[in-house]
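In what follows, every chain begins at residue 1, and chains take the letters A, B, ... in the order their sequences are listed.
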Amino acid sequence: MLRYIIRRVLYAIPTVLGVLLLTYVLFFGTVSRESIARQNLSSRAPTQEQIKGWLKDHGYGEPTVADMEKDPFGRFLLSVGIKPKEDKPAAPPSGETPAAPEAKPAVGDFEPSFAARLMEMKRSTIDVLLLNFGKSDTTKEDIWERIKLGIPASFAVGTLIFIASVITSLIFAIINAYFRGTYVDTFGTFLSVLLLSIVYIVYVISLQFILGKVLHYGPIAGFETGPGMLKFLTLPAVIGVISSIGAEIRLYRTFLLDEINQDYVRTARAKGVPESRVLRLHVLKNALIPIITNTVAAIPGLILGSLILENFFGIPGLGSYLVDSINSQDFAVVRAMVFLGTLLYIVGLILTDIMYALVDPRVRIE
Amino acid sequence: MDPQASNQPAVTQPPFWESDLFLNAIPIVAVGLLVYAFVTARKQPLWAEAFRRIRRNPLALVALGVILLYAGIALLDSFGSTDAKTQTRKTILDNIFEREQERTYSAPFASVTTGEPKPQKLKAPGSHLMGTDGVGNDVFYRTLKGARTAFIIGGLTSLIATPLALILGMVAGFYGKWRDDLIQYVYTVLASIPSILLLIALVLVLGRGVVQICIALGVTRWVGLCRLTRGETLKHRDREYVRAAKALGASDFRILTRHILPNLLPIVIISVTLGFSGLVLSEAILSYLGIGIDPGGGIGSWGNMINAARSELARDPVIWWNLTSASVALFILVLAFNIFGDALRDAIDPRLRS
């Protein structure tokens, strides 16, 4: 078993590296440095020095030969002849008159050289792996510190919705499976298709209106830590459950029906075991295997919370942090969140495989 | 195209892809291809049987009717001509349903505006079936405009993702070895990024145009189908009919396209139909996150309408028609696709036939 786990974890390493490379290319290979800097500098027409300073401040600056000498990877790059750009002396300010528009710097003046890109890629890979995400592009705060602040709220929302929706959907799926082939089942299946076809935001907007404003069920938005948290969480949790059970009921019903059609169930019935006992002891026990393996993958991701719910209800978790960063085009934060989400998801997948191997001995033989 | 040429104001000729000829030809070609595919498929026993099964399923027929109705609206919004004077393109839908722009909100069939201290008389009282929105646009007309966008998002994304998934999946499954390892690695990496996060990253980088959103959705969508195609190809590769073809000296290309591909088509069509509704829903989610279709472009979008309605329910009197109109339109189309997709799967999938 231990060997299986170790092998499974080792398999994940190239995937994580691939994700790091992909997000690096996506965010820092396609968008020009200058435009990121210009967007975040407060003055409307920043000088060359300001842009350069901002880039250096946020870790996008060009390394010098001396910097590269200090680092083994840098020494290797220098030895194969990959050198950074020479830092050009700043343009003499005397020749400029205030009326004349500033000469536009050549496009690509701030673009890093090949050596700088490689150095940055290497540094950011190691940093991100150590969860050292650097500073936010817009607010300058440390991204990891901010993420740690958001985890409790997100975890509370995520866990509550997760547990409540798994239990609710399981109950409905069992009812559907018990009444399979009757009108109850048809109606239930149709209802879950209906629930599945409504877009998430419509649930959020309309249920907040109905539950919060019309029925006055809990506060409409806001958050507080401690025991008072629960009253702020009920409304988002109810909405989260209603919007997610449509798909889950259908899935769990399939798992249950798969088991109901097995030979051992027929044998149990033939022996005269009552239907409720067949469902409870024989079917449910075996159907729980796919259900558990299907839900375990979601558990590590719970600390990310819910993107839309948190933003809409003003819960200060990671979901709202990400939405704010999208709106301010803060690439550093979005990259960090994408990586964190991926890492948690991969952990979830590994957990699923381990769970599967634990309950199903056939998996380990492969 | 030379980037300099499009910046010069003197050039009155629009680029080819914005000309009437091109824009009107696309829907004709698309409909023509679909009809051709349907007529060809009807001659084959598997599909003929599937169509018979669907015809016997009243719920599926209703769903198909709804889809065709939406497609009809989308087609009406696709044919049009450009006014030589104003240089604006008017489609048939615009000519039929466009209403005069009012000052601000007004309720359905109302004759005065809503939400102002002193209600003003409307320019076209009683003509707005679903009222008007904050800037005075007719909500019903805007809802109809969303149908074309929904079909473009679903269709173009499927057109991007399906060939990619099919080719890579078949190559990986058929050849195995390093090709398989490489392709599997690429899609494992993509699949291990939660799809909403990957979508956000791609749209942030690519931009908010319809085509860019379709590319981003395509990148997140092809993985599932590719996995499925690879598995099925792997299964068919060692079947006797493929070996027989090989023994007769058929080339790999011929085996893949003439022998294996027809056997993969049913699962491809099922997965595209079932995936369509998810794509239409994604557009709305992206709009909520502020990275959906650019609202300034005059392109209809249910997501943008729903997003704009976020604060409208909190107003007094409650502005419900904008949210209701867009979400009901979206709901009915997605529901129809879900029901039809399920029926199609039951009709085609041989494992469910006994």
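In terms of modelled atom types and a separation under 3.5 Å, the side chain of Ser195(B) and the main chain of Ala191(B) share no donor-acceptor contact. No side-chain donor-acceptor contact under 3.5 Å links Arg253(A) to the backbone of Ala173(A). The closest donor-acceptor contact from the side chain of Tyr203(A) to the backbone of Leu195(A) lies under 3.5 Å.
In this structure, chain A has a heavy atom under 4.5 Å from the side chain of Leu323(B), while its backbone stays farther away. For chain A, the nearby parts of Leu335(B) are the backbone and the side chain; heavy atoms of each come within less than 4.5 Å. Heavy atoms of Phe331(B) lying under 4.5 Å from chain A belong to its backbone as well as its side chain. Within the 4.5 angstrom heavy-atom criterion, no atom of Leu344(A) approaches chain B. The contact between Val193(A) and chain B is made by backbone and side chain atoms together, counting heavy-atom distances below 4.5 Å. With a 4.5 Å cut-off on non-hydrogen atoms, Leu190(B) touches chain A through its side chain but not through its backbone. In this structure, no portion of Asn307(B) lies under 4.5 Å from any heavy atom of chain A. Contact annotation for Leu322(A): only side-chain heavy atoms (C-beta onward) come within less than 4.5 Å of a heavy atom of chain B. Of the atoms belonging to Phe190(A), it is side-chain heavy atoms, and not backbone ones, that fall under 4.5 Å from chain B. Heavy atoms closer than 4.5 Å to chain A are found nowhere in Leu206(B), neither backbone nor side chain. Both the backbone and the side chain of Val199(A) come within less than 4.5 Å of a heavy atom of chain B.
Counting heavy-atom pairs closer than 4.5 Å to chain A, the top residue among Leu289(B), Val186(B), Thr188(B) is Leu289(B). With chain B as the partner, the residue from Val334(A), Ile326(A), Leu17(A) showing the most heavy-atom pairs under 4.5 Å is Ile326(A). Counting heavy-atom pairs closer than 4.5 Å to chain B, the top residue among Leu22(A), Leu194(A), Leu21(A) is Leu194(A). Interface remark: of the candidates Ile201(A), Val202(A), Val338(A), Ile201(A) forms the most heavy-atom pairs closer than 4.5 Å to chain B.
The aromatic rings of Trp302(B) and Tyr70(B) sit perpendicular, their planes meeting at an angle over 60°, well past the 30° parallel limit.
Tested against Ile239(A), the residues Ile205(A), Ile308(A), Val204(A) include a single side chain to side chain contact (heavy atoms under 4.5 Å, CB included) partner, Val204(A). The one candidate from Asp353(A), Leu351(A), Ile354(A) that meets the side chain to side chain contact (heavy atoms under 4.5 Å, CB included) condition with Val296(A) is Leu351(A).
The two atoms that bring Gly290(B) and Asn327(A) nearest to each other are CA-OD1, 4.3 Å, heavy atoms only. The heavy-atom pair separating Lys145(B) from Thr149(B) by the smallest distance is O-OG1, 3.7 Å.
Judged by the 6.0 Å and 45° rule, Arg335(A) forms no cation-pi pair with Tyr24(A).
Between the OG1 atom of Thr189(A) and the CZ atom of Arg250(A) there is a distance of 8.0 Å, given to the nearest 0.5 Å.
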